[in-house]
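Within every chain, numbering begins at 1; the chains are lettered A, B, ... in the order of the sequence lines, protein sequences first and strands thereafter.
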2 protein chains.
Amino acid sequence: MLTLSEENYLKAIYHLGKFGSQSVSTNAIAEQIQTKASSVTDMIKKLAEKDLVNYKKYQGATLTESGRLTAASVVRKHRLWEVFLVENLNFKWDEVHEVAEQLEHIKSEKLINQLDAFLDFPTHDPHGDPIPDKHGNIKKTDKELLASLKPSDECLCVGVKDSSKEFLNYLDKNEIALGTHFKVMSKEDFDESMTILINNETKSISKTVSNNLFVKVI
Amino acid sequence: MLTLSEENYLKAIYHLGKFGSQSVSTNAIAEQIQTKASSVTDMIKKLAEKDLVNYKKYQGATLTESGRLTAASVVRKHRLWEVFLVENLNFKWDEVHEVAEQLEHIKSEKLINQLDAFLDFPTHDPHGDPIPDKHGNIKKTDKELLASLKPSDECLCVGVKDSSKEFLNYLDKNEIALGTHFKVMSKEDFDESMTILINNETKSISKTVSNNLFVKVI
DNA sequence: ATATATATTTAGCCTTGTCTAAATTTAATT
DNA sequence: AATTAAATTTAGACAAGGCTAAATATATAT
Ligand SMILES: [Mn+2]
Ligand SMILES: [Mn+2]
Ligand SMILES: [Mn+2]
Ligand SMILES: [Mn+2]
C-alpha cells in the first residue's frame, strides 16, 4: 500500500509525462509538487525500488505499468470526487480541486466504484478532463484549443487547460462554461487576440485565454 | 491545523473520557489507538503544548474546550460519512467504519456542512450513535441497555454499544437492526440470558448481546 | 574544445511519530 | 510501613519525508 506522498509523485509523473510514458525531469516534478529537487531524487529512487518508475541517474523518470495504473487510479478518484462535489454538494468548479486533492487518497475499492455508480458513470470531470475507468483507460475525445480556430468556425467549449482558480473565475465572469457555444468572428494578427460571439454578445479574448480553452468544432 | 495523528489522539480521549471531561490514562489511550504508552506520553505533551489537552504527569489527560471541539468535529465527520456510505453508496453497517476512519480527516468546512445538508441533517449514524452538530453539541436521547429490561417490557432497538464487525454480523444473522421491535419474554437467572420476541419469533440471546444493544422502552 | 551555466545527485541535518529498554512514580499487598 | 506490582515517563534509536549546501554531471555558449 502506498503513502499519500508516493501517490502524489506518481500522479505528477503521470500528468507531466503523457501518462508517465515520457521521461520527466527531477526539476519538473519538484516544481509540480512544490518541493525541492533533492527530495524528488530520494523519492524517485524509492519508487524505482518498488518498481513503480523507471529511473536512470540524470535521465528523469517514466512510469512502469504498475506505476501508471496506480497514478490513473488516483486521477480517477480525484475527478470522480470533483464531479460529486459539483453535482451533489453545490461546489463551484473553482472550489473542488483542493478538497479532491485530499479525497483522492482515500483507500477503498468499494467506495470509489460505488461513487462511480452513484454519479452514473461520468466520463469527464467539472473541468472537462476525462475520468479513467477502473482499469486506468481513458477514451480520448477529439478536442482542440480555441486558439487554433479561424474566423467563422463554430464550436462548443469542452474543457479548460488551465484550471486555476484565477482562470475559472475569469471564465465565470465572462459567462463561459462547459457547453458554451462560441463563434469566431475575427482574429487580430498583432497579438492573436480573438473576437468571439458568446450568447449573442461579442467579446474580445486574449491569446492567453484562447490557448487555455478546449473546444469541439461543430 | 492538526495532523491526522493528533486528531486520532483527541478522538480517543473524547471517546474514552466522556467527551474528554474525565481523565483518561496513558495506557487506555495506547490500547484504543493501538500504539505504545511511551508514544502516548509524547503526543499528550505535544497536545498540551497546543492547549488541546490538560495534562499532569502520571495523572492522565482531559480535553480542553478547544480539544473537545476538535474531537467532536472529527466524530461529526466520521458519523456523517457513515450515513452517506449506507444511505447513498450501498454500504452495509458493518462495512463503513474503516472508510470513515479515513474520511473523518478530510479538511473542509464547506464539504462537511454541504454533506450534512445533502443527507438532510441526520441526527444518528448507522449504528445509532448521535451526530454532533457543527458546534460540537449532541442532544442525548434516553436509551438504555436491553439487559436492564424486565419480562413483558417492550422496546425498539436504537443503537449498538459494540459496533465490531463480528457483533454486527451476528445481529444481521438474527435479523436485528435499528428500529427492530423487541418484547422481553423471560430472563434466565442463571446466566442472565433473555428470551425475546422479534418479528413474532422467540429468540434466546446471551447477556453479552443484551448488554450491547441500546433500546428505547415503549 | 573549453569555459560557463544549469540540472541532478549526494551528504548531512531536521521534524514527526513511532518503538524498546531503562528509570521513576503511583497503586496494591503483605 | 515496607515491599511488590503496575503504570507512566525518560532516554535513545529509527524510518519517512523533507531541507540546505556541496559535489558532480550534463547542456550551452564562446
Ligand atoms: Mn483537480
Ligand atoms: Mn479537474
Ligand atoms: Mn465508526
Ligand atoms: Mn458509527
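- Atom P of nucleotide D:dA21 and atom CG of A:D42 are separated by 17 Å, given to the nearest angstrom.
- Under the rule for a ring pair (Phe, Tyr, Trp, His ring centres under 6.0 Å), the partners of A:F84 that lie at least two apart in sequence or sit in another chain are A:W81, B:F84.
- In this view, B:F19 and B:Y14 satisfy the ring pair (Phe, Tyr, Trp, His ring centres under 6.0 Å) rule, not counting sequence neighbours.
- Applying the side chain to side chain contact (heavy atoms under 4.5 Å, CB included) criterion to A:K18, with sequence neighbours excluded, gives A:S21, A:Q22.
- Here D:dG18 presents its C1' atom at 14 Å from CG of A:N8, a figure rounded to the nearest Å.
- In this view, A:S186 and A:T195 satisfy the side chain to side chain contact (heavy atoms under 4.5 Å, CB included) rule, not counting sequence neighbours.
- DNA chain C lies under 4.0 Å from at least one heavy atom of each of the following residues of residues 28-38 of chain B: B:T35, B:K36, B:S38.
- Remark: A:T123 engages A:K139 in a side chain to side chain contact (heavy atoms under 4.5 Å, CB included) (not counting sequence neighbours).
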Nucleotides 24-28 of chain C: which of its N/O atoms have a protein N/O under 3.5 Å away?
from, atom 1, to, atom 2, distance (Å)
C:dT25, O4', B:Y58, OH, 3.2

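- Each of B:I44 and A:M43 has a nearest nucleotide on DNA chain D; the 5'-most of these lies closest to B:I44.
- Listed by first and then second residue, the side-chain hydrogen bond (donor to acceptor under 3.5 Å, both in side chains) pairs involving residues 33-42 of chain B amount to none (not counting sequence neighbours).
- A straight line from NZ of A:K45 to P of D:dA15 spans 16 Å, rounded to a whole angstrom.
- What separates CG of B:N27 from C1' of D:dA5 is a distance of 13 Å, to the nearest Å.
- When atom types are taken as modelled, the side chain of B:K161 and the backbone of B:N212 share no donor-acceptor pair closer than 3.5 angstrom.
- Here A:Y55 does not reach the OP1 or OP2 of C:dT8: none of its side-chain N or O atoms lies under 4.0 Å away.
- With D:dT10, D:dG18, C:dT8 as the choices, the nucleotide that has an atom nearest any side-chain atom of B:T41 turns out to be D:dT10.
- Residues passing the ring pair (Phe, Tyr, Trp, His ring centres under 6.0 Å) test with A:H97 are A:H78, sequence neighbours excluded.
- By the salt bridge (charged side-chain N to carboxylate O under 4.0 Å, His left out) test, A:E98 is found to be paired with A:K165, residues two or more places apart in sequence or in another chain being considered.
- At the phosphate of D:dG18, neither OP1 nor OP2 sits under 4.0 Å from any side-chain N or O atom of A:S39.
- Contact annotation: B:T26 side-chain N/O to D:dT9 OP1/OP2 distance is under 4.0 Å.
- The stretch residues 9-17 of chain A has no heavy atom under 4.0 angstrom from DNA chain C at all.
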Could you check A:V184 against A:K150 for side-chain contact (heavy atoms from CB on, under 4.5 Å), going step by step and ending with a plain yes or no? CA-CA 7 Å; A:V184 180; A:K150 285 160 212 11; over 6 Å; no

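- Contacts classified as salt bridge (Lys or Arg N to Asp or Glu O under 4.0 Å) and involving residues 205-217 of chain B (residues at least two apart or in different chains) are given here: B:E192-B:K207.
- Atoms NZ (B:K56) and C1' (D:dT9) sit 17 Å apart, rounded to a whole Å.
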